[in-house]
Q: 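Quick one: the structure is below, and I'll ask about it shortly.
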Amino acid sequence: MALRIRACVKTHPGLRRTNNEDSGFIGRRLFLVADGMGGHDFGEVASAIVARTVAYLDDHGTSFGPEGDICGAVEFADQRLARAISNNPTLAGMGTTLTAMLIHEDLIALTNVGDSRAYVLEGKELIQLTHDDTYVQMLADKGWLDPKLIPQHPQRSVLLRVLRGGDDGGTAEVTLREAVPGDRYLLCSDGLSDYVTPEAIQKALGSSRNAGKVIDRLIALAIKAGAPDNVTCVVGDVVDDDVEPTGDGEFVGSAQELGEGALEAAEQKVADAKAQGLLKSA
Ligand SMILES: [Mn+2]
């Protein structure tokens, strides 16, 4: 018997956006959500580059243990953003959040940059595992803002840290947790957590054994709330069984749309935008 995570991933562009800048991935041992941002449509490029780069860990060994592996992958992803921007300065300003989870033997390593979240449902209790790198969360941490006011705060989406090929984002903090069969994990972009209350998330997570149905419910709740943003969810259950995971993993959102050549796709987008007169030629 071996511990692993059996997961499902889905994304929805929401009701007000035409493009999806979120990416999601589920593999044999690695799971992630990335929410891109930036001028024009380059947020989707940033989230695709980072999702594709970090997902590489899914098939590659743990030379430095789960913490070292995840830190190295985040650093490498940030360097790839830096390289993409230095090769093509039109991309400057793009960035992405990342919340990633890796299971290794009986440990789960979790990292996050930005405001995409990880939760765990332990029995009936919903616990938020990540700390938002947002301006309002910082104010609340210092005791300057009542956390109850965060959901309505006009600056609630201002991020203090993202991956942007810069000097701050590439250093990942990793927390380790024990993998316990029966625990259900949720990774989500702020398109869910900004519009659906923790109580409603908790209820939906406990509503079915089927992770896909649970995600359908979560997305339906975001849509009921107007879904102004892209919504991406990974729901994963820790199981102890002998079933070998198969397949290459599954991407959704911009990492799926742009494919492995996210960088080349970015360069094509820049060229197209220039041709349409949307950008000044360099
Ligand atoms: Mn978002």
Side-chain angles (χ1 to χ4, degrees), residues 9-26 31-52 54 74 77-78 81 91 93-101 110-119 128-138 150-165 169 185-198 200-201 204 215-216 218-235 251-258 262 266:
V9 61
K10 296 189 192 198
T11 191
H12 192 286
L15 300 179
R16 288 197 220 150
R17 301 216 176 164
T18 50
N19 65 329
N20 194 338
E21 298 189 323
D22 284 0
S23 291
F25 173 77
I26 56 169
F31 309 86
L32 67 83
V33 165
D35 177 353
M37 62 211 61
H40 305 282
D41 290 340
F42 303 132
E44 61 190 48
V45 176
S47 90
I49 290 175
V50 167
R52 289 266 168 190
V54 175
V74 174
D78 200 53
L81 288 182
L91 299 173
M94 71 174 180
T96 184
T97 72
L98 173 71
T99 294
M101 170 167 85
L110 252 177
T111 191
N112 91 295
V113 179
D115 65 349
S116 300
R117 288 187 178 167
Y119 293 90
Q128 186 181 331
L129 299 172
T130 49
H131 187 260
D132 293 347
D133 293 316
T134 57
Y135 175 65
V136 286
Q137 184 61 53
M138 182 272 287
I150 288 179
Q152 282 81 40
H153 199 284
Q155 283 166 298
R156 69 171 191 272
S157 55
V158 175
L159 295 176
L160 298 183
R161 213 161 72 99
V162 287
L163 296 176
R164 57 181 180 89
Y185 285 81
L186 166 69
L187 310 182
C188 66
S189 58
D190 65 339
L192 180 77
S193 50
D194 270 3
Y195 306 99
V196 180
T197 64
I201 290 176
I215 297 180
D216 290 340
L218 291 168
I219 290 177
L221 289 168
I223 287 173
K224 210 172 139 197
D229 194 6
N230 311 140
V231 192
T232 303
C233 302
V234 170
V235 169
F251 286 97
V252 296
S254 54
Q256 190 253 325
E257 275 165 44
L258 296 177

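Values below: every heavy atom of this structure, side chains too, minus hydrogens, waters and symmetry copies. Just follow the structure's listing: the first ligand is 1, and inside any ligand the first atom is 1.
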Q: Under 3.5 Å, is there a donor-acceptor pair between the S47 and T96 side chains?
A: no
Q: Under the criterion side chain to side chain donor-acceptor pair (under 3.5 Å), which of D132, T99, T130 is the partner of R117?
A: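 That would be D132.
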Q: Side chains of V235 and L186: closer than 4.5 Å at any heavy-atom pair?
A: yes
Q: Are there any protein N/O/S atoms under 2.8 Å from the Mn ion (ligand 1), and if so, which?
A: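 Protein N, O or S atoms closer than 2.8 Å to the Mn ion (ligand 1): D35 OD2, D190 OD1, D229 OD2.
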Q: Looking only at side-chain N and O atoms, does S189 offer a donor or acceptor that is under 3.5 Å from a partner on D22?
A: yes
Q: Rounded to the nearest 0.5 Å, how far apart are CZ of R164 and CG of D78?
A: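 With rounding to 0.5 Å, CZ (R164) is 8.5 Å from CG (D78).
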Q: Consider side chain to side chain donor-acceptor pair (under 3.5 Å). Of D35, D229, T232, T11, which one does N20 pass it with?
A: T11
